[in-house]
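What follows is a set of notes on a single structure, which appears directly below.
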Amino acid sequence: MPELPEVETIRRALEPAIRGCRIRSLEVWQPRLRYPVPPELARIITGQRITELSRRAKYLIFHLEEQNWLLVHLGMSGRLHLTDMAEARGPHDHWEIRLSHRVLRMHDPRRFSLLLKGQGNPGLHPLLASLGPEPLAPGFGGPAWVQALRARKAPVKSLLLDGRLIAGVGNIYASEALFRAGIDPRRSGNRIGATRARILGTAIRLVLKEALEAGGSTLRDYRHPNGDPGSFRVRWRVYGREGEPCPDCGETIRRIRIGQRSSFFCPSCQH
DNA sequence: ACTGGCTCCTGAGGGC
DNA sequence: TGCCCTCAGGAGCCAG
């Protein structure tokens, strides 16, 4: 599923291909996504150039002319395909943007994705306004992070998924980062010392950066839908490994529920 | 102000 | 072989 590193990988691949391209048309086949696709969207964006593609958390922002922009989120099963020419529409293909020589299409079986519009400063949009800091931005993990984490008493695993505290961390990286930091996912934020909070901040950046570097392979999958996605799969240390030995100590990895979400951890390495 | 539970949706996988 | 049940997940929303 698209996590922050994959969304950033998509952004990096897409931006040079679409920057400067003019939108010829927008076709919406299924407007009932996470939020309804605005009916007037096609009228607003047709004829405009894409000036920039940016990312905030797991949101992609397609900047257009006249301070218009499109907000796209992939949800958990959304895929963006950029092709040279229009293809027959398949099941779960919900919309496509036709550019001068290319077509950008959204495929999303579970329909948790979204396509919205905005005008002016994207950061003021309700979905973006309350987002916390970007973990990969310079300076993340300093005093502000330590203070914010320790001000909360929810399980740290849940806090990592709270976009107001930190933007874009998903279920996989929350488990992975806590394993790297040696912190029990059930531990309350306010029971994590300042030193360990800093270590966690570093661990988050580490797992995201590693995945981002491996994301170059996801790029190939993105460009060539026939490619075998399994061969490029990143090897998680604990995520999805219930019952397997911990890569560090050999203890059996456990899976527990925290806030309705699966969490994987090593009971020996994480406290 | 926080926390935890619910919700949207469909495909996959396990049990019988 | 096939049906049914449960679960997975992003993240906003809401009740307590």
Side-chain angles (χ1 to χ4, degrees), chain A residues 1-11 28-38 55-61 71-80 89-95 106-116 118 122-135 144 147-178 185-192 204 208 211 218 225 229-230 233-234 236 238-243 254-264:
Chain A
M1 63 228 58
E3 293 265 356
L4 186 152
E6 191 172 353
V7 175
E8 176 61 19
T9 298
I10 290 169
R11 190 199 69 77
V28 179
W29 302 299
Q30 172 55 278
R32 296 184 57 211
L33 303 178
R34 178 74 165 83
Y35 299 100
V37 177
R55 177 189 61 78
R56 180 77 168 102
K58 296 174 190 166
Y59 293 92
L60 288 169
I61 304 167
L71 191 64
V72 172
H73 195 292
L74 300 173
M76 61 172 290
S77 60
R79 300 179 85 169
L80 282 174
R89 179 163 69 93
H92 312 307
D93 290 339
H94 303 315
W95 54 263
M106 171 62 81
H107 174 88
D108 179 22
R110 300 204 180 153
R111 285 204 265 138
F112 283 9
S113 64
L114 66 80
L115 172 63
L116 296 174
L124 301 179
H125 189 279
L127 295 177
L128 304 182
S130 60
L131 285 173
E134 288 286 330
Q147 187 176 18
L149 185 71
R150 301 186 69 208
R152 304 276 296 270
K153 69 170 192 174
V156 60
K157 164 70 186 333
S158 299
L159 295 176
L160 293 188
L161 299 179
D162 185 341
R164 297 168 300 177
L165 199 68
I166 176 172
V169 174
N171 202 40
I172 294 173
Y173 294 106
S175 280
E176 291 294 313
L178 287 166
R186 298 164 291 191
R187 179 173 284 271
S188 293
N190 64 2
R191 296 193 59 247
I192 295 174
I204 293 165
L208 292 177
T218 312
R233 194 174 163 207
V234 177
W236 311 118
V238 290
Y239 184 82
R241 295 186 176 279
E242 179 185 22
R254 287 187 58 200
R255 177 173 75 143
I256 57 172
R257 287 285 213 172
I258 301 175
Q260 321 301 105
R261 289 286 121 88
S262 282
S263 305
F264 299 85

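Naming convention: chains lettered A, B, ... in sequence-line order (proteins, then strands); numbering from 1 in each chain. Here the structure is a predicted model, which is why all the values come from computation and not from measurement. All values below were derived from every heavy atom in this structure, side-chain atoms included, with hydrogens, water molecules and symmetry-related copies excluded.
- Residues L4(A) and R55(A) form a side-chain contact, since some pair of their non-hydrogen atoms from C-beta on lies under 4.5 Å apart.
- Heavy-atom nearest nucleotides on DNA chain B were determined for Q260(A) and for P109(A), and the one closer to the 5' end corresponds to Q260(A).
- Near DNA chain B, defined here as any heavy-atom distance below 4.0 Å, the residues from residues 153-165 of chain A are K153(A), A154(A), P155(A), R164(A), listed numerically.
- Atom pair W236(A):CH2 and dA8(C):P shows a separation of 18 Å (rounding to whole Å applied).
- Across the protein-nucleic acid pair, R152(A) atom CZ and dG4(B) atom P stand 9 Å apart, rounded to whole Å.
- Of the N and O atoms on the side chains of D108(A) and H92(A), not one donor lies less than 3.5 Å from an acceptor on the other residue.
- Here L127(A) lies in heavy-atom contact (under 4.0 Å) with sugar-phosphate atoms only.
- Following rounding to the nearest Å, R261(A) (CZ) and dA11(C) (P) show an atom-to-atom distance of 10 Å.
- Using a 4.0 Å heavy-atom criterion, one finds that E3(A) contacts the sugar-phosphate atoms exclusively.
- Interatomic distance, CG of L74(A) versus NZ of K58(A), reported as 10.0 Å (0.5 Å rounding).
- The CG atom of L159(A) sits 12.0 Å away from the NZ atom of K153(A) when rounded to the nearest 0.5 Å.
- Paired with R152(A) under the rule side-chain contact (heavy atoms from CB on, under 4.5 Å), one option of I192(A), D162(A), N190(A) passes, and it is D162(A).
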